[in-house]
Amino acid sequence: MAVIQRPFRADHVGSLLRPQRLKDARKDYQNEVIDAQALRDIEDEEIEHIIEKQLEVGLHSITDGEFRRSWWHFDFLENLDGVNGYTSERGLAFEGVETRNHNVKVESKVAFNPNHPHFEHFKFLYDKVNGRATAKVSIPSPNQLFHPNILNEDIYPDIEDYAHDVAQAYRESLLKFYELGARYIQLDDVYWANLTSGSQKTRGRDRTEADKEAARQLAYRVVNEAVQDLPEDLLITTHICRGNYQSTWAISGGYEPVAPYLFKENLGGFFLEYDDDRSGDFEPLRFFPKENSAAVLGLFTSKTGDLEDKSAILARIKEAQQYVDLDQICLSPQCGFASTEEGNKLTEDEQWKKLVYVVEIANEVFGTAK
């Protein structure tokens with residue numbers, strides 16, 4: 001098995017628009033029209049199709065599109081021991097839209113779940129990719145469990161005890177994915193965006209500046225404990241997101257307040273949103289590690305099907321080179337195309353054209369998409 005040293009020159013965050021057939025099947029299952037096996041058969045078929053489609057457009061990191069999930073994060077988190085999902089009073093607030101009512105909460109000590117369903121999901125993906133490319137796992141960062149509305153201080157009066165248990169549950173999960181063949185795992189993280197000084201649309205998560213400072217210090221330590229002493233041929237990256245729901249966003253603000261802490265995470269790559277002014281400029285990249293990591297610039301939006309102006313993309317790559325070397329740069333859309341099963345407001349055809357465009361520009365800039 002080839003060792004993956006960094007993200008691919010043309011990469012992607014992972015989630016893909018759910019085909020209508022899959023959406024209909026999930027609704028039929030919820031309404032008890034079909035059983036779990038029938039739903040699973042349709043998921044299998046649709047995942048096999050998008051594996052082939054990703055290979056066809058020239059991607060080297062292949063995901064299952066998160067087709068078995070309803071949410072990018074809750075499905076994973078609520079299957080850890082000690083974390084349960086529930087129907088919340090309200091959904092999460094985005095710019096002009098609100099999500100379905102759902103959240104997770106800690107109800108007992110957090111621990112690794114050896115029967116987590118995502119392990120079986122990955123094994124299916126890994127077997128179907130069958131060595132033709134790299135099967136990539138995308139899961140929420142451990143930091144997602146540190147939002148104030150999730151942390152249970154009755155169970156964990158000492159946040160350091162909580163941090164250790166979360167990190168250990170993640171470390172064991174990462175090792176289990178590795179045992180099943182995973183060599184590329186991405187930690188999706190909206191938490192860092194909540195710790196910037198920018199505006200916050202997600203209700204119930206406001207913090208004082210002192211609170212943010214303490215949280216920034218803890219956030220990188222949690223990730224580093226989770227990834228310590230992992231096999232050398234396991235690439236761990238992170239995706240820093242500002243919210244992605246039906247082509248809207250939750251948070252704005254540049255990386256400057258968090259960059260000195262974020263880039264202390266001992267990771268092989270950072271997927272960074274840079275598709276519009278909400279992300280700020282490239283100057284925070286002066287804190288970027290100069291060795292053993294890649295800056296995956298999300299210069300292409302997943303929120304619309306419009307293709308970016310190539311000259312503007314090339315100019316922005318050149319601008320980023322003031323802070324990171326070209327050999328450290330990779331390209332991708334700024335986020336997935338369907339962080340929840342609802343998906344962003346573009347067509348599947350536009351989605352694939354966008355990914356083809358990322359591959360084309362990577363080939364032009366780097367001479368390879370790999």
- Query: Is the shortest side-chain N to carboxylate O distance from E341 to R69 below 4.0 Å?
  - Reply: no

- Spacing of N143 atom CG and R221 atom CZ [to the nearest 0.5 Å]: 11.0 Å

- Task: Establish, yes or no, whether a centroid distance under 6.0 Å links the rings of F270 and H239.
- Result: no

- Message: With clusters defined by side-chain heavy atoms of hydrophobic residues (ILVMFWY) lying less than 4.5 Å apart, directly or transitively, does L16 cluster with L39?
- Response: no

- Distance (rounded to the nearest 0.5 Å) between I185 CD1 and S173 OG: 9.0 Å

- Message: Is the shortest side-chain heavy-atom distance between L331 and I317 below 4.5 Å?
- Response: yes

- Item | Partner of E43 under salt bridge (charged side-chain N to carboxylate O under 4.0 Å, His left out), chosen from R21, K128, R68 | R68

- Task: Give a yes or no answer on whether the side chain of Y162 reaches the backbone of L145 with a donor-acceptor pair at less than 3.5 Å.
- Result: yes

- Message: Under the rule for ring-ring contact (aromatic ring centres under 6.0 Å, His included), what residues qualify as partners of F282, not counting sequence neighbours?
- Response: Y274

- Task: Check for a donor-acceptor pair, side chain of N113 on one end and backbone N or O of N79 on the other, with a separation under 3.5 Å.
- Result: yes

- Minimal heavy-atom distance between S61 and D11, with the atoms involved, is OG-OD1, 2.6 Å

- Item | Salt bridge E308-K354, side-chain N to carboxylate O under 4.0 Å | yes

- Message: What I want to find out is whether E364 reaches K310 closely enough, with some N-O distance under 4.0 Å, to be called a salt bridge.
- Response: yes

- Item | N/O donor-acceptor pair under 3.5 Å between R6 side chain and L235 backbone | no

- Message: Quick check: do Q144 and L77 have side-chain heavy atoms less than 4.5 Å from each other?
- Response: yes

- Task: Find out if a path of hydrophobic residues (ILVMFWY) with successive side-chain heavy-atom gaps under 4.5 Å connects I47 to I34.
- Result: no

- Query: If you look only at pairs with a residue in residues 32-66, which of them pass as a ring pair (Phe, Tyr, Trp, His ring centres under 6.0 Å), with sequence neighbours excluded?
  - Reply: F8-H60

- Task: Work out which heavy atom in A362 is nearest to a heavy atom in A369; give both atom names and the distance.
- Result: CB-CA, 4.2 Å

- Task: Could you label the plane-to-plane angle of the F122 and Y126 rings as parallel, tilted or perpendicular, counting under 30° as parallel and over 60° as perpendicular?
- Result: tilted

- Message: Would R286 pass as a cation-pi partner of Y323, given that its NZ or CZ must be under 6.0 Å from the six-membered ring centre and within 45 degrees of the axis?
- Response: no

- Does some side-chain heavy atom of F287 sit less than 4.5 Å from a side-chain heavy atom of L262? no

- Message: Could you check whether any side-chain heavy atom of I361 comes within less than 4.5 Å of a side-chain heavy atom of N363, counting everything from C-beta outward?
- Response: no

- Item | Full working for side-chain contact (heavy atoms from CB on, under 4.5 Å) between N224 and E265 | CA-CA 6 Å; N224 284 347; E265 293 185 345; 4.1 Å; yes

- Query: Would you say I139 and Y170 make side-chain contact, with heavy atoms under 4.5 Å?
  - Reply: yes

- Query: Going only through I, L, V, M, F, W and Y residues with side-chain contacts under 4.5 Å, is there a path from I159 to Y191?
  - Reply: yes

- Flag side-chain contact, heavy atom, 4.5 Å: R216 against K212: yes

- Query: Side chain of D75, backbone of S70: donor and acceptor closer than 3.5 Å?
  - Reply: yes

- Task: Report yes or no: do W71 and Y29 belong to one cluster of Ile/Leu/Val/Met/Phe/Trp/Tyr joined by side chain heavy-atom distances under 4.5 Å?
- Result: no

- Do E120 and R40 sit within salt-bridge range, that is, some charged N less than 4.0 Å from a carboxylate O? yes

- Message: According to ring-ring contact (aromatic ring centres under 6.0 Å, His included), who are the partners of F67, at least two apart in sequence or on a separate chain?
- Response: none

- Message: Tell me whether the rings of F288 and F263 are parallel (<30°), tilted (30 to 60°) or perpendicular (>60°).
- Response: perpendicular

- Taken to the nearest 0.5 Å, the spacing of H12 NE2 from Q186 CD works out to 9.0 Å

- Query: Would Q54 and W352 satisfy side-chain contact (heavy atoms from CB on, under 4.5 Å), going step by step from the backbone distance to the final call?
  - Reply: CA-CA 8 Å; Q54 289 171 83; W352 295 117; 4.0 Å; yes

- Charged N to carboxylate O below 4.0 Å: is that the case for K345 and E350? no

- Query: So, F119 versus F124, ring centres under 6.0 angstrom or not?
  - Reply: no

- V106 vs V110 side-chain heavy atoms within contact, under 4.5 Å: yes

- Query: Taking C-beta and beyond as the side chain, do S15 and W72 meet within less than 4.5 Å on heavy atoms?
  - Reply: no

- Item | Side chains of E213 and Y261, donor plus acceptor under 3.5 Å | yes

